[in-house]
2 protein chains.
Amino acid sequence: MHDLIREAEALCQRAGMTLTAPRRRVLEILAASDTPMKAYDLISKAGEDGRATKPPTVYRALDFLCQLGLVHRIEQDATFVACNHAGHTQPVALFVCNSCLKATEVAYDDVAQMLESAALTRGFQLQRLVIEGRGQCQDCALAA
Amino acid sequence: MHDLIREAEALCQRAGMTLTAPRRRVLEILAASDTPMKAYDLISKAGEDGRATKPPTVYRALDFLCQLGLVHRIEQDATFVACNHAGHTQPVALFVCNSCLKATEVAYDDVAQMLESAALTRGFQLQRLVIEGRGQCQDCALAA
DNA sequence: TAATGAGTGTTATGAAATAACATAATAGGA
DNA sequence: TCCTATTATGTTATTTCATAACACTCATTA
Ligand SMILES: [Zn+2]
Ligand SMILES: [Zn+2]
Ligand SMILES: [Zn+2]
Ligand SMILES: [Zn+2]
């Protein structure tokens, strides 16, 4: 977890960016959570001493972190999750468990290529790809 | 377009459901649009004589139509598009052009299977899959 | 005819995200 | 060092997206 912050710092430097205080706080909170979080949950905790802050502060931090690949936004339910691969630019699929709400990140280069070529046969040039799944994770399947 | 409504009616009957007036109006407006629409654009047009109606009316209709596969919701930007395959239950990928905003629907059984097995190797049982792309469509590429 | 269930109308509210403008901190260049 | 441009933050207000809750209608059926 502190590794994650250190890696994030290194990544920012390489990109000529800065991991400022609000950005760092948002990333820390997300990294400490075991499930994706809503923006307003972050807003209520990302201020000084864990107090609330204002929406734009958090949304700006989230935009920044998403752009660098340090955080992923789950479009289906507008939640955010820290990336555990420290800033990959390759696309990933995010599978969210309907029971425990934990998110699993899966790389899928081959799938991306298939979709890219499927799009291309229709003349569509893919620039961004979102793949999200819902279902049941292993732990919850065993517990059931 | 009138075909689409007829097919929708048939589909509803088969499912033991009814394509009531508000549902039909919403579907008609979506089918007539060449780009995905926001819910509040529908709200402002889905009433009697093209007048505005209330949010729950439209959201209920959208929920219904999405469940039957007659309409797809694009999660990235909370828009809705009429399906031109009249109620398939198979998953599809939706590619939205960043220039003209038109949506292209692509079936992807093979991709779904790859993702399903990728998920399964991690013990994750996939129940729902969202695949959305962004990029440039053929028309816009040629126009540029 | 009562009771059920599905669907709608309506009011109000909740939740997610951004616009717009002011202020502060930072980094270069003269 | 001082000025200036840039980057980021703080703050207020607003917009956009979605649902809760409750009353009402209408068809089905016991
Ligand atoms: Zn990641
Ligand atoms: Zn689970
Ligand atoms: Zn479809
Ligand atoms: Zn286009």
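This is a predicted model, so every value here is computed, not measured. Sequence lines set the chain letters: A, B, ... in the order given, protein chains first and strands last, and positions in each chain run from 1.
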Enumerate the residues from residues 72-82 of chain B whose closest heavy atom to DNA chain D is under 4.0 Å, giving them by residue number; use none for an empty result.
-> B:R73, B:A78
Which of residues 33-46 of chain A have a heavy atom under 4.0 Å from DNA chain C?
-> A:K38, A:A39, A:Y40
Sequence neighbours left out, cut at 3.5 Å: what donor-acceptor pairs do the side chains of residues 118-129 of chain B make with other protein atoms?
unit_1, atom_1, unit_2, atom_2, d
B:T121, OG1, B:A118, O, 2.7
B:Q127, OE1, A:N98, ND2, 3.1
B:R128, NH1, A:Q76, OE1, 2.8
B:R128, NH2, B:E75, OE2, 3.1

Residue pairs involving residues 41-66 of chain A (criterion ring pair (Phe, Tyr, Trp, His ring centres under 6.0 Å); sequence neighbours excluded) | none
Taking only residues two or more places apart in sequence or in another chain, which ones pass ring-ring contact (aromatic ring centres under 6.0 Å, His included) with B:F80?
-> none
Please collect all salt bridge (Lys or Arg N to Asp or Glu O under 4.0 Å) contacts where either partner lies in residues 29-44 of chain B, sequence neighbours excluded, each pair once.
-> none
Identify all pairs in which a protein N or O lies below 3.5 Å from an N or O of nucleotides 21-28 of chain D, and state each distance.
unit_1, atom_1, unit_2, atom_2, d
D:dA21, N6, B:R60, NH2, 3.3

Check nucleotides 26-28 of chain C against the protein and report each pair of N or O atoms closer than 3.5 Å, with its distance, or say if there are none.
none

With sequence neighbours excluded, residues passing salt bridge (Lys or Arg N to Asp or Glu O under 4.0 Å) with A:D77 = A:R134
Salt bridge (Lys or Arg N to Asp or Glu O under 4.0 Å) pairs, two or more places apart, involving residues 15-26 of chain A = A:E9-A:R24, A:R24-A:E28, A:R25-A:E48
Apart from B:L94 itself, residues in the same hydrophobic cluster as defined by side-chain heavy atoms under 4.5 Å = B:I74, B:V81, B:V96
Listed by chain and number, what are the salt bridge (Lys or Arg N to Asp or Glu O under 4.0 Å) partners of A:R60, not counting sequence neighbours?
-> none
